[in-house]
Amino acid sequence: MRLLLVEDDNHVAAALSAVLARHGFQVVHARSGEEALKALLPADTEPFGVVLLDLGLPDQDGYEVCGKIRKRCSIPVIMVTARADVRSRIHGLNLGADDYVVKPYDTGELLARIHAVSRRKSAGEDTVPTPVAALRLGHVHIELPTRRVSVDGAEVQLTRKEFDLLALLAQCPGVVFRREQIISEVWRTSWEGTGRTLEVHVASLRSKLRLPALIETVRGVGYRLVAPSA
């Protein structure tokens, strides 16, 4: 896979490029926002699979670069930055970033996130773009058009936000959703106090579905749905 690394620090870029190369990535390094946008222009070469975007660039803010990329194409963008505050993360996700990784990070986690966004992109390209009517995860059946959920055939009454939260996690079983991403997509807000509300909704879902292991807490990151066996 070709990967575009947008990083103005040559030492950081060289170290990360070496790691990525060992894992089979063909890395193209851009040192500024302008270089990154030029690299994404249509060409005869293989298109990029992922963009790793630093926010502290010398010519323009990384947020601005992300917005321009999203207007041009749907390539997955992972923001990699030292800006750890919640508002910065949510702002990046709202601009169209697919994920947000805070420095310093574990290389294994970064590689996992690259593969995760790549799988979601590939799945979207390889399937017919028709709405999914229902999701079945073991004993759990989710009907998206009617917003009905049942466990072993027995309907479970969920609130609107509980259903939205479950549907979001269920569409990518096993994928870790960051707390900020869930808050942005389900609550459509960047209010930091929503974090406590998210915890309450997760606890309520576990209780109502009587499947406490269905939604797994990934400490310090977020949540993922663990599909139960049928």
Apply side-chain contact (heavy atoms from CB on, under 4.5 Å) to residues Arg147 and Asp164 and explain how you reach the verdict.
CA-CA 9 Å; Arg147 300 177 66 85; Asp164 291 343; 2.8 Å; yes
Step by step, work out the side-chain contact (heavy atoms from CB on, under 4.5 Å) result for Val28 and Leu5.
CA-CA 6 Å; Val28 174; Leu5 173 60; over 6 Å; no
Begin with the C-alpha distance, continue with both residues' side-chain angles, and end with the deciding distance and a verdict on side-chain contact (heavy atoms from CB on, under 4.5 Å) for Leu205 and Leu214.
CA-CA 9 Å; Leu205 275 175; Leu214 181 68; over 6 Å; no
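- The OG atom of Ser32 sits 8.5 Å away from the CG atom of Leu37 when rounded to the nearest 0.5 Å.
- Summarising the local packing, CZ of Arg210 is surrounded by 12 or fewer heavy atoms from other residues, nucleotides or ligands at distances under 6.0 Å.
- The pair Glu64-Arg70 does not count as a salt bridge, with every side-chain nitrogen at least 4.0 angstrom from each carboxylate oxygen.
- In this structure, the side chain of Ser204 does not engage the main chain of Val200 through any donor-acceptor pair within 3.5 Å.
- Judged by distance alone, the side chain of Arg2 and the main-chain N or O of Gly49 form no donor-acceptor pair under 3.5 Å.
- Cluster annotation: Val19 is not connected to Val50 through the hydrophobic network of ILVMFWY side chains, with a link wherever side-chain heavy atoms come within less than 4.5 Å.
- Between the side chain of His29 and the backbone N or O of Glu7, at least one donor-acceptor pair lies under 3.5 Å.
- Judged purely by atom type and a 3.5 angstrom limit, Arg148 has no side-chain atom pairing as donor or acceptor with the backbone of Gln157.
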Stepwise, does the side-chain contact (heavy atoms from CB on, under 4.5 Å) test hold for Thr146 with Glu143?
CA-CA 6 Å; Thr146 60; Glu143 297 180 10; 2.9 Å; yes
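- Residues Val65 and Val6 form no side-chain contact, since every pair of their non-hydrogen atoms from C-beta on lies 4.5 Å or further apart.
- Cluster membership check: Leu3 shares its hydrophobic cluster with Leu111, using side-chain heavy-atom separations under 4.5 Å among Ile, Leu, Val, Met, Phe, Trp and Tyr.
- Under a 4.5 Å side-chain heavy-atom cut-off, the cluster of Ile, Leu, Val, Met, Phe, Trp and Tyr residues that includes Met79 is completed by Leu55, Tyr63, Leu95, Tyr100, Val102.
- Side chain of Asp59 to main chain of Gly33: a donor-acceptor pair is present (N/O by atom type, distance under 3.5 Å, no hydrogens or angles).
- Distance alone, capped at 3.5 Å, is enough to place a donor-acceptor pair between the Lys161 side chain and the Val186 backbone.
- When atom types are taken as modelled, the side chain of Arg206 and the backbone of Ile215 share a donor-acceptor pair closer than 3.5 angstrom.
- Judged purely by atom type and a 3.5 angstrom limit, Asp54 has no side-chain atom pairing as donor or acceptor with the backbone of Thr81.
- Both Val27 and Tyr105 belong to a common hydrophobic cluster when Ile, Leu, Val, Met, Phe, Trp and Tyr are linked at side-chain heavy-atom distances under 4.5 angstrom.
- Listed for the His141 side chain is no donor-acceptor partner under 3.5 Å among the backbone atoms of Leu137.
- No chain of hydrophobic side-chain contacts below 4.5 Å, direct or via other Ile, Leu, Val, Met, Phe, Trp or Tyr residues, connects Leu93 to Leu53.
- Under the side-chain hydrogen bond (donor to acceptor under 3.5 Å, both in side chains) test applied with Arg31, the options Asn10, Asp9, Asp8 reduce to a single match, Asn10.
- In summary, Asp61 and Arg83 engage in a salt bridge, as defined by a charged side-chain N under 4.0 Å from a carboxylate O.
- Take Phe25 and apply the ring pair (Phe, Tyr, Trp, His ring centres under 6.0 Å) test, not counting sequence neighbours, and it matches His115.
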